Amino acid sequence: MGDQQGRREFLTAGVLAAGAAAIPNASGATPAVEPDAPRLIPKGATVLFQGDSITDAGRNRELAGPNDAASLGSGYAFLAATNLLVHRAEDALKLFNRGISGNKVFQLAERWQQDCLDLKPDVLSILIGVNDLWHVLAGKYDGTLETYRDYYRRLLDRTKTALPDVKLVICEPFVLKVGAVDDTWFPAFDEHRAVAKQIADDYADAWVPFQSVFDRALTVAPPATWAGDGVHPSQAGATLMASAWLRAVGE
């Protein structure tokens, strides 16, 4: 098998299918995205992407409406949204991005009414957690793992009270060991990932194992290919993320 053919098969059958395993759960099982995941997004749905800079991806925050390229940024949320808009053009979906660079989970809570509840999403996707540790390591924040866990749970309790029928997509925080990410991140970052997975088990309708996707991608190319600073994905990395997200929601 030639190198190019092997890489194509890897990307289609492996990374883009999000086939790599996620972190073990408490029972010891190894969850993964199922190839036949049921479709989570109904016709006419409002879909909201929430999170930090990875979701924000340079979006124009002056544009508040759905389905606008500039308002969706240039990252995985944009790529997933445009895929839906093409392949489900007849379904009148409304797709919003409200990620804000630098956010930690408590900052989502501070803006949740306007940037989530007022939009009344049918499907809510959240990727949050990297700044909850990164800013601690940088000496800019004194939050703890318990802060992350407790604020996240309260946020989802509040969401389910206001929007009892909302479908929740919880995304796994991820890093690659390159750039800003070194050994000082561990094992604390893995503990944050484990908290996110437990929260997903308790609340979510879908789990997106981003760390697993990138771990598998490292067998094809080095970390800088996928996220130059170890945190923010390249276009290649964002494409892997969008594919994994779509797989998780059954698209």
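FYI, side chains are in, hydrogens and waters are out, and symmetry mates aren't considered; it's all heavy atoms of this structure. This chain uses plain numbering: 1 for the first residue, then up along the sequence. These numbers come from a predicted model, not from an experiment.
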Undergrad: Rounded at 0.5 Å granularity, tell me how far CG in Asp115 sits from CZ in Arg111.
TA: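 It comes to 4.5 Å.
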
Undergrad: For Ala109, does its backbone N or O pair with a side-chain atom of Arg158 as donor and acceptor, under 3.5 Å?
TA: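 Confirmed, Arg158 side chain pairs with Ala109 backbone.
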
Undergrad: Between Asp150 and Arg153, does the salt bridge (Lys or Arg N to Asp or Glu O under 4.0 Å) criterion hold? Intermediate values first, please.
TA: CA-CA 5 Å; Asp150 294 346; Arg153 286 185 175 277; over 6 Å; no

Undergrad: Can you confirm whether more than 12 heavy atoms, excluding those of Glu146, are under 6.0 Å from its CD atom?
TA: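 Enclosed.
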
Undergrad: Please check: side-chain N/O of Thr159 versus main-chain N/O of Leu155, any donor-acceptor pairing under 3.5 Å?
TA: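 It does hold such a pair.
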
Undergrad: Please check: side-chain N/O of Asp205 versus main-chain N/O of Leu168, any donor-acceptor pairing under 3.5 Å?
TA: yes

Undergrad: State, with a plain yes or no, whether a side-chain heavy atom of Ser243 is found less than 4.5 Å away from one of Leu240.
TA: no

Undergrad: Please answer whether the main-chain N or O of Pro164 pairs with a side-chain N or O of Lys160 as donor and acceptor at a distance below 3.5 Å.
TA: yes

Undergrad: Around atom CD of Glu90, are there more than 12 heavy atoms from other residues, nucleotides or ligands closer than 6.0 Å?
TA: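 More than 12 heavy atoms, drawn from other residues, nucleotides or ligands, come within 6.0 Å of this atom.
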
Undergrad: Looking at every heavy atom in both Val166 and Pro121, which two are closest together, and how far apart are they?
TA: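 Distance-wise, the nearest heavy atoms are CG2-O, 3.4 Å.
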
Undergrad: Using the rule ring-ring contact (aromatic ring centres under 6.0 Å, His included), only one of Trp185, Tyr148, Trp134 pairs with His192; which is it?
TA: Tyr148

Undergrad: State, yes or no, whether a side-chain contact exists between Arg149 and Val105 at a heavy-atom distance under 4.5 Å.
TA: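 No, every pair of side-chain atoms sits at 4.5 Å or beyond.
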
Undergrad: Knowing that exactly one of Val208, Leu127, Leu79, Val213 qualifies, which makes a side chain to side chain contact (heavy atoms under 4.5 Å, CB included) with Met241?
TA: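 Single pass found, and it is Leu127.
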
Undergrad: Answer whether the closest heavy-atom distance between the side chains of Ser125 and Leu48 falls below 4.5 Å.
TA: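 Not in contact.
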
Undergrad: Salt bridge or not for Arg39 and Glu251, using N-O below 4.0 Å?
TA: yes

Undergrad: Quick one: does Asn97's side chain get under 4.5 Å of Phe78's, heavy atoms only?
TA: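 Asn97 does not reach Phe78 side chain to side chain.
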
Undergrad: Are Val47 and Ile41 side-chain neighbours, meaning at least one heavy-atom pair lies under 4.5 Å?
TA: yes

Undergrad: I'd like to know if Asp52 pairs up with Lys104 as an ion pair, taking the criterion as any Lys NZ or Arg NE/NH1/NH2 lying under 4.0 Å from an Asp or Glu carboxylate oxygen.
TA: no

Undergrad: Kindly give the heavy-atom pair with the smallest separation between Ala80 and Ala242, and that separation in Å.
TA: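 Taking every non-hydrogen atom into account, N-CB, 3.7 Å.
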
Undergrad: What's the separation between atom CG in Leu72 and atom CG in Asp56, rounded to the nearest 0.5 Å?
TA: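 Separation between the atoms: 11.5 Å.
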
Undergrad: Evaluate Phe106 against Tyr152 for ring pair (Phe, Tyr, Trp, His ring centres under 6.0 Å), listing each step before the verdict.
TA: CA-CA 8 Å; Phe106 83 89; Tyr152 211 155; over 10 Å; no

Undergrad: Decide yes or no for Phe186 and Val181: does some side-chain heavy atom of the first lie under 4.5 Å from some side-chain heavy atom of the second?
TA: yes

Undergrad: Side chains of Glu172 and Lys197: does their closest heavy-atom pair fall under 4.5 Å?
TA: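 Sidechains of Lys197 and Glu172: no contact.
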
Undergrad: Nearest heavy-atom pair of Ser101 and Ser53: which atoms, and what distance?
TA: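 For Ser101 versus Ser53, the nearest heavy atoms are OG-CB, 3.3 Å.
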
Undergrad: Look at the side chain of Asp182 and the backbone N and O of Thr184, then say whether any donor-acceptor pair between them is shorter than 3.5 Å.
TA: yes

Undergrad: With a 4.0 Å cut-off, would you call Asp122 and Lys94 a salt bridge?
TA: no

Undergrad: Step by step, would you call Val178 with Asp229 a side-chain contact (heavy atoms from CB on, under 4.5 Å)?
TA: CA-CA 6 Å; Val178 66; Asp229 65 358; over 6 Å; no

Undergrad: Evaluate the criterion side-chain contact (heavy atoms from CB on, under 4.5 Å) for residue pair Val136 and Asp142; output intermediate values, then yes/no.
TA: CA-CA 6 Å; Val136 171; Asp142 60 1; over 6 Å; no

Undergrad: Minimum heavy-atom separation for Phe210 and Ala244, please, with both atom names.
TA: CE2-CB, 4.2 Å

Undergrad: So, for Pro42 and Val123, which heavy atoms are closest and what is the spacing to 0.1 Å?
TA: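 Taking every non-hydrogen atom into account, CD-CG2, 4.4 Å.
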
Undergrad: What's the separation between atom CD in Gln50 and atom CZ in Arg98, rounded to the nearest 0.5 Å?
TA: 8.5 Å

Undergrad: Work out which heavy atom in Leu40 is nearest to a heavy atom in Ala206; give both atom names and the distance.
TA: CD2-CB, 4.0 Å

Undergrad: Let's go through Tyr203 and Asp157 carefully: what are the C-alpha distance in whole Å and the side-chain angles of both, what is the deciding distance for side chain to side chain donor-acceptor pair (under 3.5 Å) to 0.1 Å, and is it a yes or a no?
TA: CA-CA 9 Å; Tyr203 290 89; Asp157 287 338; 2.8 Å; yes

Undergrad: Rounded to the nearest 0.5 Å, what's the gap from OG1 on Thr46 to CG on Leu124? Could you check?
TA: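 Result: 11.5 Å between the selected atoms.
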
Undergrad: Aromatic contact between Trp245 and Phe49, with the criterion being ring centroids under 6.0 Å apart: yes or no?
TA: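 Yes, ring centres under 6.0 Å apart.
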
Undergrad: Would you check if the side chain of Glu191 reaches a backbone N or O of Leu145 as a donor-acceptor pair within less than 3.5 Å?
TA: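 Flag not set: sc Glu191 to bb Leu145 has no pair under 3.5 Å.
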
Undergrad: Can you tell me how far the CZ atom of Arg88 sits from the CG atom of Leu95, to the nearest 0.5 Å?
TA: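 It comes to 9.5 Å.
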
Undergrad: For Trp226, is there any backbone N or O sitting under 3.5 Å from a side-chain donor or acceptor partner on Ser234?
TA: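 A pair under 3.5 Å: yes.
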
Undergrad: So for atom NZ, which belongs to Lys140, do other residues, nucleotides or ligands contribute more than 12 heavy atoms lying within a distance under 6.0 Å?
TA: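 No.
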
Undergrad: Among Tyr76, Phe214, Phe189, exactly one meets ring-ring contact (aromatic ring centres under 6.0 Å, His included) together with Phe174. Which residue is that?
TA: Phe214

Undergrad: Are Leu218 and Val130 co-members of a hydrophobic cluster defined by side-chain heavy atoms under 4.5 Å apart?
TA: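 In one cluster with Val130: Leu218, yes.
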
Undergrad: Going from CD1 on Ile126 to SG on Cys171, what distance comes out if it is rounded to the nearest 0.5 angstrom?
TA: 8.5 Å

Undergrad: Quick one: does Ile100's side chain get under 4.5 Å of Thr55's, heavy atoms only?
TA: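 No, side chains not in contact.
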
